[in-house]
Enquirer: 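Could you have a look at this structure, given as structure tokens, before my questions?
Any value given below was found using the heavy atoms of this structure, including those in side chains, with hydrogens, waters and symmetry copies removed. Values in this document were obtained by computation on a predicted structure and should not be read as measured data.
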Amino acid sequence: DGGITQSPKYLFRKEGQNVTLSCEQNLNHDAMYWYRQDPGQGLRLIYYSQIVNDFQKGDIAEGYSVSREKKESFPLTVTSAQKNPTAFYLCASSIRTGGQETQYFGPGTRLLVL
Amino acid sequence: DAKTTQPPSMDCAEGRAANLPCNHSTISGNEYVYWYRQIHSQGPQYIIHGLKNNETNEMASLIITEDRKSSTLILPHATLRDTAVYYCIVRVRTNAGKSTFGDGTTLTVKP
């Protein structure tokens, strides 16, 4: 099946620990994104990458890090510097066709701090 | 990118049309209107987009006013599975990274 996969669906972290969320896509999309969603709120952009080996900070990048070593993978690390990491994390990818760019989202990972 | 204003919640009877409004009074000439929806605890799903003409696809219709300051997403025959949060976004068509997902409208379809 083609699409975006995120794993795990639920992730538990102890305070002070770093944790990495996985995002993989086999859609051959160039751009990938990470968003954070808190209960009852919209999505906020953490990081995005438009091409391999390049990425830019979004609106709330502090306490997070990413890498883009492969086109199909864009892992997000939630570091101990992120003081309030409990949230729903969404990965997305996009491709430009016919002058249009549309995003497609993965199923999300829910991170809980113990 | 322009910001949008949506009502926080709406109800709709099953089988009826659901009309979801969105105000985007500061939209620029090169910005498109996009609609996504998010069913509980899932990733957002693309629905439709448009610039100035009305658009229709298998999921919905999009009506954009002539001055482009507002739009309406229409689900012609709402079903219980259409219960979700609906997001209206305005952005240039080639920069999805600039999508700003506000709080959206929670649509509840009732039997």
Enquirer: Sub-3.5 Å donor-acceptor pair from the side chain of A:Gln25 to the main-chain atoms of A:Asn28, do we have one?
Expert: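 Yes, A:Gln25 side chain to A:Asn28 backbone: donor-acceptor pair under 3.5 Å.
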Enquirer: Against chain B, label A:Arg44 side chain, backbone, both or neither, depending on which of its atoms sit under 4.5 Å from a heavy atom there.
Expert: neither
Enquirer: Between A:Gln37, A:Lys9, A:Gln56, who has the most heavy-atom pairs with chain B when the cutoff is under 4.5 Å?
Expert: A:Gln37
Enquirer: Under 4.5 Å, counting heavy-atom pairs only, tell me which of B:Pro8, B:Ser41, B:Pro44 racks up the most with chain A.
Expert: B:Pro44
Enquirer: Between A:Gln82 and A:Glu62, is there a donor-acceptor pair closer than 3.5 Å when you use the side chain of the first and the backbone of the second?
Expert: yes
Enquirer: Under 4.5 Å heavy-atom distance to chain A, tell me which part of B:Gln38 shows up: side chain, backbone, both or neither.
Expert: side chain
Enquirer: To the nearest 0.5 Å, what is the distance between CD1 on B:Ile64 and NE2 on B:His24?
Expert: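 Nearest 0.5 Å value for the CD1-NE2 distance: 6.5 Å.
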Enquirer: Is there a donor in the side chain of A:Thr77 and an acceptor in the side chain of A:Thr20, or the other way round, less than 3.5 Å apart?
Expert: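 A:Thr77 vs A:Thr20: donor-acceptor pair found between side chains.
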Enquirer: If we ignore angles and hydrogens, is there a donor and acceptor under 3.5 Å between the side chains of B:Tyr86 and B:Arg37?
Expert: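 Judged by distance alone, the side chains do pair up.
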Enquirer: What part of A:Leu43 gets closer than 4.5 Å to chain B, counting heavy atoms only: side chain, backbone, both or neither?
Expert: both
Enquirer: At a 4.5 Å cut-off on heavy atoms, which part of B:Thr106 comes close to chain A: side chain, backbone, both, or neither?
Expert: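 For B:Thr106, neither part sits under 4.5 Å from chain A.
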